Amino acid sequence: MKLADVLILSLALALVIIGIHQTLTVGIGYSYTIFMFAVALLFWFQYRKTKKAEEEEKSSPKSKKKKR
């Protein structure tokens, strides 16, 4: 996992914690935006992870056929 992936995941976790705190103190209406940013970061993380897996699959040689 690259540094950017770690930062995205850490920021998403931090936003979830901040959102929970805001929910408990002022209500869900005020923390909704924070939760949406956290979800967007999680989607971005998943997109990067999937894109990396596809690139690795594309760059690796095709499965070798067994000689009979």
Side-chain angles (χ1 to χ4, degrees):
M1 201 162 32
K2 292 187 177 182
L3 179 63
D5 294 333
V6 172
L7 290 175
I8 292 170
L9 198 56
S10 299
L11 186 57
L13 178 63
L15 286 175
V16 167
I17 293 170
I18 292 169
I20 291 171
H21 177 265
Q22 289 294 312
T23 300
L24 294 175
T25 56
V26 292
I28 190 76
Y30 293 99
S31 61
Y32 179 77
T33 306
I34 296 170
F35 283 123
M36 290 301 105
F37 279 126
V39 169
L41 287 173
L42 289 172
F43 279 134
W44 188 23
F45 173 77
Q46 187 64 34
Y47 172 76
R48 287 175 53 94
K49 186 177 169 184
T50 305
K51 187 176 174 184
K52 181 182 175 187
E54 286 177 359
E55 287 176 359
E56 286 177 358
E57 183 179 308
K58 191 183 294 184
S59 66
S60 67
K62 301 284 183 183
S63 60
K64 297 179 182 178
K65 296 181 179 178
K66 295 182 180 179
K67 294 182 180 180
R68 294 184 184 190

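By convention here, the first residue in the shown sequence is residue 1. The structure presented is a predicted model; accordingly, all values stated were derived computationally and were not measured.
- In this structure, OG1 on Thr50 lies 9.5 Å from CZ on Phe45, to the nearest 0.5 angstrom.
- Screening residues 19-46 for side chain to side chain donor-acceptor pair (under 3.5 Å), with sequence neighbours left out, gives Thr23-Ser31.
- Taking every heavy atom of both residues into account, Met1 and Lys52 meet most closely at N-NZ, 4.4 Å.
- At a threshold of 4.5 Å between non-hydrogen side-chain atoms, the residues Leu11 and Leu7 do not count as touching.
- Contact check for Val16 versus Ile34: no side-chain heavy atoms found under the 4.5 Å cut-off.
- Salt-bridge annotation for Arg48 and Asp5: present, with a side-chain N of the basic residue lying under 4.0 Å from a carboxylate O of the acidic one.
- A continuous path of ILVMFWY side-chain contacts below 4.5 Å connects Ile28 to Leu24, so both sit in one hydrophobic cluster.
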Exercise. How far apart are the C-alpha atoms of Val39 and Leu15, what are their side-chain angles, what is the distance that settles it, and do they pass the side-chain contact (heavy atoms from CB on, under 4.5 Å) test?
Worked result: CA-CA 9 Å; Val39 169; Leu15 286 175; over 6 Å; no
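- Clustering ILVMFWY residues whenever any of their side-chain heavy atoms sit less than 4.5 angstrom apart, transitively, puts Ile20 in a cluster other than the one holding Ile17.
- Here the closest non-hydrogen pair linking Ile8 and Leu41 is CG2-O, 3.4 Å.
- Other residues, nucleotides and ligands contribute only 12 or fewer heavy atoms inside 6.0 Å of the CZ atom of Phe37.
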